[in-house]
Each structure stands twice: as C-alpha cells, then as structure tokens.
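Here is the structure we will look at, set down as structure tokens.
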Amino acid sequence: STLARALRAYLGGEWVNQDEVAAAYQQQQQTKRPRRGTPSPKLLFLRALEEAVARGLTTASGGAKEQRGNVDQVGVLEEDTEKQDEEAVQFVFVDKINTLKQHRSEIREALKLGSSRPGMIDAIRIVLVDLVHPEDTNESGFSCIPTCTERITQRSLGHLTFLPQASSVANVITNAVKSLEAVDDEESCEYDAILSLNLTLPPEKLLEETLQGLKAKGFLPKSIATSLESEMGSRVKLEAAVEDAGKYEKELMNNWKTLSWVVKLSWDQILTGNLRLLDALSTALESCRSMDKLPNFSPMSE
C-alpha cells in the first residue's frame, strides 16, 4: 500500500484500494435509504478499477486530440507529439494482496473492461509488481513473515480495517503465505511486465527500484525517465513521494483515540510478598504515562 501511494505521488494517476472503495461506498449509503442487493466490496473494487482505467484513457485521448488540433507545421508536430506523449501516459495503481490467481485474473479482466468501452483507446499496459523476500522461492514465501509482521505492527492504527492490536499478525501473514498461488509461466504471459522486487528494501529504495524497472520496460514518460538519471533531483522527489504516502497512515491514526488503559500487575509476586502493591501500581501507571511514543496513544495524565 505504501509503495502504491508513493508511486501515485511520484507519477500521478489514481490509487485504487479495496478497503477504501468499500468504506467510501458505506459512508455514501448512510445518507440514503437502504437498498436490497448491496454489491460486495470485491465487486465495488473491480468496478472502481474499470472506471479508473476508463477515466485515464479518456484523459489521455482528450489530451492527444487537443494537441493534434493545434498542429499546423511538421516541426511543431514533432515537438507537440513529444508533449502529447507525456500527457497521454496515465497510471492506475491497483492496491490488493494478489496472492491468489483468482484475485489477479479478476483484476486483469476489470482493467481490460475499462479499456474496451465504446470510444476508448484500447492501449493499456499491465505490470505486476511482485514483492519478494530474497530468501524465498516461488514455492515458499515463509521468509517474508517476520518482515511483514514487524511492518504491520509498527504501522499500528494506520490501517483502515485491520487492527494489529486485536489480531495475531504473524498468523494472518502465515495463512496468506500458505494459500499463495505463485504466477506460473502461462499466467506471466498475461502481463506486459513483471517486476520482482526485494520487499526488505526501505521505502525510498523500493520506490526507486520500481521506477527503474518501469523505465527499463519503456513505461515511463520521457521527462520522468530523464529525471531519474539526476541523482540529486530524483532523491528529493523520492523522499517527498514516500513522505506523501505516509500522510495517509497518519490520517487514519488520527481517527482513533484512547478511551481506557489496561494496567497489568504481577499478582503472583504481590501475593507472595515479593512486591508491594503500591510499588506495582506505581510502576504500571508510570508505563502508561510514558507511552506517548507509541503511535496515537494518549498518555495518562497526572
């Protein structure tokens, strides 16, 4: 999710996330009369993908027509064609776990449907970004579990529908790994490119590697591809994109507030006389006061 949002910040375009789509729909329905047959979150997500592609192609095609209309000399045509190509590249970033073949197949179908509507230019390229632990193979993905567990836990309340505090994160990741259906040779032909990237890389480096992969495949506008060659300029932009991606998580954290604290006491030590009750309470309360370093945790006041 962080990578998808960082790519959007760097390249422009649309970021489509299933939880976001479902939450927006539910919020919209709260102001309307309830209807029968509410579409599932998955169906809403696939529709959103289809519409995002259609919007992107409409923008690209409209920009191209506008440029062509202003051309009256061959020299200008060449210059304007370059500008037109820059504006005609539109990105849609699909944010979903994608561990099952069904997930990937449904997404590809939705993207193709969006590009095959009447009047649309059927000119999309589908790239799969495969985040892989360097010690894993196609048959096994268990090396990623500690890394993913740590990142999800650190993100804490910066999730829309998942609460790490109320779940066993390691079990969730392990179950996803066990059900993994890797991309085989036949399915890989359905993509214009597959980028296999090291998921242990820090966010800025992972974003840079993704952009370099897109550049190598010829899927980036010329101006962006050129800017990546400038180490100083691209570094500033990479940092800004990752920072922008992180704002979303901070906004989600602000939706929560601390209502109560749980204070744990070592009753076995207290009852055996090894620890005074007042000392145990004092230590526990002090830990609550010092927890302001945790994301969105309101420390206990005096």
Side-chain angles (χ1 to χ4, degrees), residues 1-7 15-23 26 39-49 92-112 126-203 205-207 209-210 213 245-246 248-249 252-253 295:
S1 291
T2 303
L3 176 60
R5 291 193 304 275
L7 283 166
W15 165 63
V16 185
N17 171 280
Q18 180 167 312
D19 292 338
E20 278 287 319
V21 171
Q26 290 172 0
S40 67
K42 182 176 77 171
L43 183 57
L44 290 168
F45 171 66
L46 295 174
R47 283 182 186 171
L49 286 181
V92 175
F93 303 102
V94 185
D95 182 4
K96 187 171 171 61
I97 187 170
N98 278 325
T99 50
L100 301 181
K101 280 190 175 182
Q102 182 182 347
H103 294 161
R104 301 189 293 266
S105 175
E106 290 171 342
I107 286 171
R108 290 195 304 269
E109 185 63 26
L111 296 174
K112 290 173 182 176
I126 303 178
V127 180
L128 179 68
V129 178
D130 190 15
L131 301 178
V132 184
H133 194 285
E135 297 176 8
D136 283 334
T137 64
N138 279 344
E139 292 74 30
S140 170
F142 290 94
S143 299
C144 75
I145 294 173
T147 303
C148 294
T149 301
E150 181 183 4
R151 287 180 177 174
I152 290 172
T153 304
Q154 286 179 346
R155 186 170 164 181
S156 187
L157 297 175
H159 296 83
L160 186 62
T161 59
F162 182 70
L163 286 177
Q165 294 89 337
S167 310
S168 172
V169 178
N171 286 346
V172 172
I173 300 298
T174 302
N175 290 335
V177 170
K178 287 179 178 178
S179 64
L180 171 68
E181 295 173 350
V183 178
D184 55 26
D185 292 341
E186 181 180 357
E187 188 184 5
S188 66
C189 296
E190 298 288 335
Y191 294 97
D192 294 284
I194 297 179
L195 305 180
S196 292
L197 302 168
N198 183 349
L199 68 80
T200 65
L201 293 174
K205 186 62 179 174
L206 185 58
L207 173 60
E209 292 287 320
T210 308
Y248 169 79
E249 296 171 16
L252 289 178
M253 288 183 181

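The structure displayed is predicted, hence computed values, not measured ones. Heads up: numbering here begins at 1 and tracks the sequence.
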Side chains of [X] and [Y] in contact at under 4.5 Å (non-hydrogen atoms):
| X | Y | value |
| --- | --- | --- |
| Lys96 | Ile107 | yes |
| Ile194 | Val127 | no |
| Asn198 | Glu209 | no |
| Val132 | Leu197 | no |
| Tyr248 | Met253 | no |
| Asp130 | Tyr191 | no |
| Pro164 | His159 | yes |
| Val16 | Asp95 | no |

Hey, is [X] close enough to [Y] for a salt bridge, meaning N to O under 4.0 Å?
| X | Y | value |
| --- | --- | --- |
| Glu190 | Lys112 | yes |
| Arg108 | Glu187 | yes |
| Arg5 | Glu249 | yes |
| Glu106 | Lys42 | yes |

Inset, instruction - Go through the steps for Phe142 and Leu180 under the test side-chain contact (heavy atoms from CB on, under 4.5 Å), then give the verdict. - result: CA-CA 10 Å; Phe142 290 94; Leu180 171 68; over 6 Å; no
Looking only at heavy atoms, which two atoms of [X] and [Y] are closest? And how far apart?
| X | Y | value |
| --- | --- | --- |
| Ser179 | Leu100 | O-CD2, 3.1 Å |
| Ser188 | Val183 | N-CG1, 3.7 Å |
| Phe162 | Ser167 | CE1-OG, 3.6 Å |
| Thr210 | Leu195 | O-CD1, 3.8 Å |
| Thr200 | His133 | CG2-CD2, 3.6 Å |
| Glu135 | Ser143 | CB-OG, 3.6 Å |

Once rounded to the nearest 0.5 Å, what's the spacing between atom [atom1] of [X] and atom [atom2] of [Y]?
| X | Y | atom1 | atom2 | answer |
| --- | --- | --- | --- | --- |
| Asp192 | Leu128 | CG | CG | 11.5 Å |
| Phe93 | Leu3 | CZ | CG | 9.0 Å |
| Ile97 | Leu131 | CD1 | CG | 11.0 Å |
| Leu111 | Ile126 | CG | CD1 | 5.0 Å |
| Gln18 | Thr161 | CD | OG1 | 9.0 Å |

Legend entry - side-chain contact (heavy atoms from CB on, under 4.5 Å) assessment of Leu157 paired with Leu252: CA-CA 7 Å; Leu157 297 175; Leu252 289 178; over 6 Å; no
